Protein chains: 2
Amino acid sequence: MGITSHDVAKLAGVSQPTVSRALRDDPRVSRATREKVRRAAEALNYVPSEAGRTLSTSATRRVGVIVTDLTNPFYPHVIAPLHDELSSLGYRMMLITERSDEAVAEEKLLDQSMDGVVLATATTDSRLPAQLDRRGMPYVFLNRDTGRSDDFASVVDNEGGGRLVARELAALGHRRVAGIFGSANTTTGREREMGFRLALAEAGVGLPESRVVRGAFEYETGYSALPALLDADEPPTAVFCGNDVVAIGVLNAALAAGVRVPEDLTVIGFDDLPMAAWEVFRLTTVRHDLRELSRQAARLLVRRIAKEVDPAGERLVLPTEFVPRATHARAR
Amino acid sequence: MGITSHDVAKLAGVSQPTVSRALRDDPRVSRATREKVRRAAEALNYVPSEAGRTLSTSATRRVGVIVTDLTNPFYPHVIAPLHDELSSLGYRMMLITERSDEAVAEEKLLDQSMDGVVLATATTDSRLPAQLDRRGMPYVFLNRDTGRSDDFASVVDNEGGGRLVARELAALGHRRVAGIFGSANTTTGREREMGFRLALAEAGVGLPESRVVRGAFEYETGYSALPALLDADEPPTAVFCGNDVVAIGVLNAALAAGVRVPEDLTVIGFDDLPMAAWEVFRLTTVRHDLRELSRQAARLLVRRIAKEVDPAGERLVLPTEFVPRATHARAR
DNA sequence: CTCGCGTGTGAATACGTATGCATTCCATGA
DNA sequence: TCATGGAATGCATACGTATTCACACGCGAG
């Protein structure tokens, strides 16, 4: 079927190893031979078999990326730059989507079909990292991590971001504040809530559990959480959402409920997805560099694959910035 | 490093081929041996090497998926079901994103590192299909195709969908109608425009070039196209957009320009992405089953890989349905 | 003139699995 | 008792590349 290096060797009148060396610019092969081989390869339209190379070098130049739900608007903005960075580093991307990362068939990760893994959906109680460790499979966390100090992770200063929002709300005079945070078993959820709570407390603003909702970082979480919050005796004048996708769910729910934003309700997100700037939303949010976050993760993983990495773990933390748009206002 | 079938063989006291057979439930291996091997494999935590298997069987159980821009909200809704269907068929997904499919490094597709390819971003002038044909690499078109009869493709009845919209607009009394269509080198763009034009003509409604824009299926296309259309001497009372993403760009532009939808302007999309139903949009659009579209493509590709396919090409066409929501109204 | 060395190339082999073919063993029937 | 046949397993090898090692050759130095 396919053209192999043996065919090229025959045509060029050299041995197979010489073909292998010539095409990879091994300095030990003479200029004349290199040209001869190159022409033969060209003539036969030769493309080296990836499987043969993999078996011989025990390196696949492939990286797995695990996400939960690709249709969540957050993930594409992670995956796209991740793909580009990996690609420019000479790696290809295998996409693995699973509901929970427990469900990721271990076999698929451990059959040596990739050189490393990016975990974009880690929960703090996940067993996956331990399994990867046991097998010596390099991996890095992206956005979320387990919170342990020896992780390799590219993350955001979630706590700082949460603080930014709390200070802003307090300054705007909001006293009845609500939070729709991410799941308690994600560091992104926990840290944003933590920063938010701490800075609220410093400003003398309370956050009773009755005004707190926790759930997946999904549209539906925000959309379904708002009615109950508004239905309380003392409804909140402001809601901090775990991320932009949740906030967009809230904005739609507010529209459905006839609640005016920001006149009746201040809504704040996190991430600053491109979508947050759309006219229909003009969402006030917390920005961080999602593109850089992903690129860092890619580079970190590649360095870990190459073992050029601090064995005690490396955590790259990106700063956050408050982005005022049109969904926040002074408390009435 | 890794545990191989030889290690398992040694522990189980059998030969390596027996291990290979036992673990794949070859009926020729006795029940007792099978159990013995299974226990040994378990004990050693053995996972078969994918590279070895690939080299031996010359099948990778991997499929490439080519898209342009993953951050375009359309693609995730294609990729997610595609991934799931491929996964349940025993294939893994390699994601390849490139600006133009000309730029897809041919080498990456032809090095036998995947068994087939899904082309989700074909243009009618792409050379890629011919290259894949030449190499005997199985592929199918998803959503877009080249329009040739011997394609393997899973597509939508675009022309029918375009007709639906035209009839609806005509029935609502719209006479000054505009179109923001997809690129002229995509079948999705051309066919939707074609159906729209034909049915408009039947209703006696004209569509002058001055009210036609063509561009990429992106938010920005719709967003930047609207002002010029509205600026004309006789501005349109309705706009048919090439897809929902473009329509959402138009809706945002309308909001920015202070144009009321649907009172001043009717806006219609195509695809019915989940986002189209959000309260902020309530976009009237044309629905087709995007999930089924993707699944069909996956199954078709797998059949083509297995050579269980009509050599003359197969084209699976999904029907469309008009979905009235809140962005259309009678012409003033 | 010989020794040693560097350069360029080929032969042999490793990588891990799957498979065609040969072999062994045992039971069955004549 | 021996041929026959089937069941179970092992042997040898293929897959395509990269790498280790050995070899041939030419050249300069002694």
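Naming: A, B, ... by sequence-line order, numbering from 1 per chain. Not measured: the values here are computed from a predicted model.
With distances taken from any side-chain atom of S15(A) to the nucleotides dG10(D), dG16(D), dG10(C), the minimum falls on dG10(C). The nucleotide whose nearest atom lies closest to any side-chain atom of L55(A) is, among dC11(D), dT17(D), dG16(C), dG16(C). Here the side chain of S30(B) is nearest to one of dA8(D), dG10(D), dT19(D), namely dA8(D). Nearest nucleotide to the side chain of S5(A), out of dT9(D), dT17(D), dG16(C): dT17(D).
Between R28(A) and dG6(C), a side-chain N or O to OP1/OP2 separation shorter than 4.0 Å is absent. Taking side-chain N and O atoms only, T18(A) has a distance below 4.0 Å to OP1 or OP2 of dG10(C). For dG16(D), neither phosphate oxygen OP1 nor OP2 lies less than 4.0 angstrom from any side-chain nitrogen or oxygen of R53(A). Phosphate contact (OP1/OP2 of dT19(D), side-chain N/O of T57(A), threshold under 4.0 Å): absent. Under 4.0 angstrom from either OP1 or OP2 of dT19(D) there lies at least one side-chain N or O belonging to R24(A). Look at S56(A) and you won't find any side-chain N or O under 4.0 angstrom from OP1 or OP2 of dC15(C). Remark: S49(A) is not in phosphate contact with dG16(D), judged by side-chain N or O atoms under 4.0 Å from OP1 or OP2. At least one side-chain nitrogen or oxygen of T33(A) sits closer than 4.0 Å to the OP1 or OP2 atom of dT9(C).
In this structure, the side chain of S5(B) does not engage the main chain of S20(B) through any donor-acceptor pair within 3.5 Å. The main-chain N or O of R53(B) is found under 3.5 Å from a side-chain atom of T57(B) such that the two form a donor-acceptor pair.
Comparing Q16(A) and G52(B), the nucleotide of DNA chain D nearest to each residue sits closer to the 5' end for G52(B). Two residues, T4(A) and P17(B), neighbour DNA chain D, and the one matched to the more 5' nucleotide by heavy-atom proximity is P17(B).
Within 4.0 Å (heavy atoms only), V14(A) reaches sugar-phosphate atoms of the nucleic acid but no base atom.
Note: CG (L23(A)) to P (dT17(D)) measures 10 Å, nearest angstrom. The nearest whole Å value for the distance from the NE2 atom in H6(A) to the P atom in dA12(C) is 12 Å. Nucleotide dG8(C) holds its P atom 12 Å from the CZ atom of R21(A), rounded to whole Å. In this structure, CG of D26(A) is placed 13 Å from P of dG10(C), rounded to the nearest angstrom. Computed from coordinates, the D25(A) CG to dA18(D) C1' distance equals 15 Å when rounded to whole Å. In this structure, NZ of K36(B) is placed 13 Å from C1' of dG10(D), rounded to the nearest angstrom. Atom pair R61(A):CZ and dT17(D):C1' shows a separation of 16 Å (rounding to whole Å applied). One can place CG of D111(A) at 13 Å from C1' of dT17(C), the figure rounded to the nearest angstrom.
Between atom OG1 of residue T146(A) and atom CG of residue N185(A) there is a gap of 12.0 Å, rounded to the nearest 0.5 Å. For the atom pair CZ of R39(B) and CG of L11(B), the computed distance is 10.0 Å after rounding to the nearest 0.5 Å.
Figure legend: cation-pi geometry between R304(B) and Y139(B), with NZ or CZ positioned under 6.0 Å from the six-membered ring centre and within 45° of its axis.
In the interface, the side chain of R31(A) is not paired with the base of dG8(C) through any donor and acceptor atom under 3.5 Å apart. On a pure distance criterion of 3.5 Å, no polar donor-acceptor pair joins the side chain of R34(A) and the base of dG8(C).
Within a 6.0 Å radius of NZ in K10(B), no more than 12 heavy atoms belonging to other residues, nucleotides or ligands are found.
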